[in-house]
Amino acid sequence: MSAILEVENLELCYGVIQALKGISFHVNRGEIVSLIGANGAGKSTLLRVLAALNPKYEGEVLLDGTDIHAIPRKSLAKRLAILPQGLAAPPDLTVEALVDYGRYPYRSWRTIGRSKEDREAVAQALAETRLEAMRTRQVMSLSGGERQRAWIAMALARQPEYLLLDEPTTYLDIAHQLEVMEIIKRLNREHAMTVIMVLHDINHALQYADEIAVIKDRQIFSTGTPHDVLNVAMLAEVFGVCADIFTNSQGAQVLSPVSLVR
Ligand code: ATP
């Protein structure tokens with residue numbers, strides 16, 4: 001399988017705070033990769049670097065073998081979409097206008113109105129996320145789950161090769177968490193979209209990710225399939241918890257935290 005992203009010896013500091021130390025890993029095309037780790041481990045910082053949003057690092061980030069910062073911004077913007085945490089929209093912005101905003105890399109000052117491709121991409125993104133009936137609603141009037149689907153639709157309208165998501169299920173109830181995870185899985189399987197997502201729910205990572213990168217103290221602790229990385233020792237060392245590990249009815253491993261490590 002070919003690597004779409006390669007990260008070599010990445011070091012990043014915010015002033016005196018070292019947020020990433022010697023990070024090396026790669027992401028294969030068409031995979032779902034989850035970044036997991038404790039609060040403050042460096043996950044969001046790494047995700048932002050992979051989206052070329054934080055250029056002040058040492059080391060290499062290569063997209064298909066090319067330094068991510070050597071790729072013209074508009075070309076890069078067509079290839080990737082990122083959903084950071086805690087997004088907010090202007091109060092009067094409708095769902096359709098938000099989703100249409102995802103098309104901005106395809107526009108230029110010469111573009112007047114929306115092209116046929118724009119209209120089709122927006123319609124497809126609304127359909128994929130089951131938001132057609134809500135297209136005229138204001139984004140900020142939606143429930144948390146609907147709003148998260150609207151942000152995902154905006155990213156989809158761009159038709160990116162890879163999608164970066166920072167904790168996409170935060171604040172959602174368990175049904176809406178699964179709904180968002182299923183949308184992400186479908187995009188990955190049906191559109192061969194590479195997905196890299198920060199997840200706090202390790203059970204979601206275990207169930208949906210092809211590969212997991214565990215981050216501890218701003219460094220890679222381990223990488224591999226869910227089966228490779230999940231074990232009692234990792235949970236104790238990285239998260240400081242004792243946990244039971246089971247296999248669920250779908251054959252996925254799941255964990256149940258039992259106590260803090262003493
Ligand atoms: P969480 O799970 O809590 O969201 P995280 O693993 O995503 O955490 P980061 O947000 O990447 O962690 O932060 C890594 C470290 O860098 C933390 O110590 C954090 O305080 C620090 N940090 C992050 N952003 C900045 C910033 N803009 N300026 C200074 N320090 C920062």
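These figures come from a predicted structure and were not determined experimentally. Whatever order the structure lists ligands and atoms in, that order sets their numbers, starting from 1. The figures here come from the full heavy-atom set of this structure, side chains too, leaving out hydrogens, waters and symmetry mates.
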Ser75 side chain vs Ile71 backbone, donor-acceptor pair below 3.5 Å
no
Residue pair Glu167 / Thr170, side-chain donor-acceptor N/O under 3.5 Å:
yes
Using heavy atoms and a strict 4.0 Å limit, residues surrounding ligand 1 turn out to be Tyr14, Ile17, Ala19, Ala38, Asn39, Gly40, Ala41, Gly42, Lys43, Ser44, Thr45, Gln85, Glu167, His200, Arg218
Are Asp244 and Ser256 linked by a side-chain donor-acceptor pair shorter than 3.5 Å?
no
Tell me if a side-chain donor or acceptor on Thr194 pairs with a main-chain N or O of Gly30 at a distance below 3.5 Å.
yes
Under 3.5 Å, is there a donor-acceptor pair linking the side chains of Tyr171 and Gln148?
no
Whether the His191 and Glu128 side chains hold a donor-acceptor pair (N or O, under 3.5 Å, no angle test) is what I'd like checked.
yes
